[in-house]
Amino acid sequence: MPSTSLGEALIEAKDIQGYIEISDQKRAQLNKRNDLSSEERAGELIYIGIQLKDIGAYEKAEVVLKETLSIRQNTAPKSWTTSNTKSLLGEVQMHLKQYKNAYTSTSTAYIQLKENVQSIPNSARKLRMQQALNRVMELLQKTKNNSQLLKWRTEQSFIDSL
């Protein structure tokens, strides 16, 4: 996992603007590096995107997660990490009230993860599937889409069986 002790300290200190500035600097540094593979670059970016999401910097997180998703769709379109990135992007889109995009991202990501569930490392399989389903469910609750919510609730039995 990337070294982010300063970033973590800024988050703990609730210096959100400070963390955003550091994340922008890290992205600029990543863009200058030629020694990273696409997957290494995506791995660094996803970490930044998740932290931005977690501190509520959704606009910035969306940019970073879209960049990460683009890399992963080009290099490993069927990988579970690509679908997981799409699910995270959907969560951010939900917070930005981009509900149609959020539903497309979260629901498609969940279905893709389910189709490729055996490729997810066993130690993370149930957690990643649960997180993906929770994102769909949270969006449907937020948008009061009860008919779809009932449909998606049936997916919990699949996750429980993992």
Side-chain angles (χ1 to χ4, degrees), residues 1-136 138-139 159 162:
M1 195 162 279
S3 172
T4 58
S5 58
L6 178 57
E8 288 171 353
L10 290 170
I11 289 171
E12 262 184 53
K14 301 202 185 320
D15 184 354
I16 294 171
Q17 189 56 45
Y19 183 76
I20 290 171
E21 289 171 15
I22 285 183
S23 71
D24 287 344
Q25 290 169 8
K26 277 192 83 122
R27 284 182 59 226
Q29 290 169 355
L30 286 172
N31 287 333
K32 291 179 184 174
R33 290 185 62 184
N34 294 322
D35 62 323
L36 292 177
S37 70
S38 293
E39 187 50 40
E40 289 170 324
R41 188 162 183 272
E44 292 282 335
L45 287 170
I46 193 79
Y47 187 75
I48 294 168
I50 289 169
Q51 287 196 322
L52 288 166
K53 173 188 74 71
D54 288 347
I55 64 171
Y58 300 119
E59 292 86 4
K60 286 282 189 179
E62 182 184 32
V63 171
V64 175
L65 292 172
K66 281 183 174 180
E67 183 178 355
T68 307
L69 182 60
S70 177
I71 292 168
R72 288 186 166 164
Q73 285 175 325
N74 287 326
T75 60
K78 299 214 182 271
S79 172
W80 75 269
T81 58
T82 303
S83 301
N84 191 58
T85 302
K86 188 182 294 185
S87 179
L88 287 162
L89 176 59
E91 179 183 351
V92 167
Q93 290 168 328
M94 176 189 65
H95 288 291
L96 293 171
K97 296 181 173 50
Q98 299 171 5
Y99 296 129
K100 185 176 180 183
N101 291 341
Y103 183 74
T104 300
S105 295
T106 58
S107 62
T108 303
Y110 178 85
I111 291 165
Q112 290 169 340
L113 284 167
K114 185 177 179 182
E115 289 171 354
N116 297 302
V117 70
Q118 294 305 317
S119 68
I120 303 171
N122 195 41
S123 60
R125 187 173 297 149
K126 192 169 189 169
L127 174 64
R128 294 294 178 241
M129 291 301 302
Q130 188 67 63
Q131 289 171 329
L133 180 58
N134 289 350
R135 289 180 184 115
V136 176
E138 182 181 355
L139 173 64
I159 295 170
L162 296 176

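The residues of the chain are indexed from 1 along the displayed sequence. Since we're looking at a predicted model, the values are computed, not measured.
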Nearest 0.5 Å please: distance from the [atom1] atom of [X] over to the [atom2] atom of [Y].
X	Y	atom1	atom2	answer
R135	S105	CZ	OG	11.0 Å
Q130	I159	CD	CD1	4.5 Å
Q17	Y19	CD	OH	13.0 Å
I16	I55	CD1	CD1	5.0 Å
L88	E62	CG	CD	13.0 Å
L69	S83	CG	OG	9.0 Å

So which atom in [X] and which in [Y] form the shortest heavy-atom distance, rounded to 0.1 Å?
X	Y	answer
K86	T108	NZ-CG2, 3.8 Å
I46	T68	N-OG1, 3.8 Å
L65	G49	CD2-CA, 4.1 Å
Y58	K53	CE2-O, 3.5 Å
S23	L52	OG-CD2, 3.7 Å
T85	T81	OG1-O, 2.8 Å

Item to check | Donor-acceptor contact present, side-chain R27 to main-chain L45, <3.5 Å | outcome: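 No, R27 side chain to L45 backbone: no donor-acceptor pair under 3.5 Å.
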
Next on the checklist: Between N84 and W80 (side chain of the first, backbone of the second, donor and acceptor by atom type, cut-off under 3.5 Å), is there such a pair?
Outcome noted: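 Not a single qualifying donor-acceptor pair exists.
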
Next on the checklist: Does atom CG (D35) have a neighbourhood of more than 12 heavy atoms from anything else shown, all under 6.0 Å?
Outcome noted: yes

Measuring only between side-chain heavy atoms, which start at C-beta, is [X] closer than 4.5 Å to [Y]?
X	Y	value
E67	L30	no
I120	M129	yes
K60	V63	no

Checklist entry - Q118 and R125: side chain to side chain contact (heavy atoms under 4.5 Å, CB included), yes or no, with the steps? => result CA-CA 8 Å; Q118 294 305 317; R125 187 173 297 149; 3.6 Å; yes

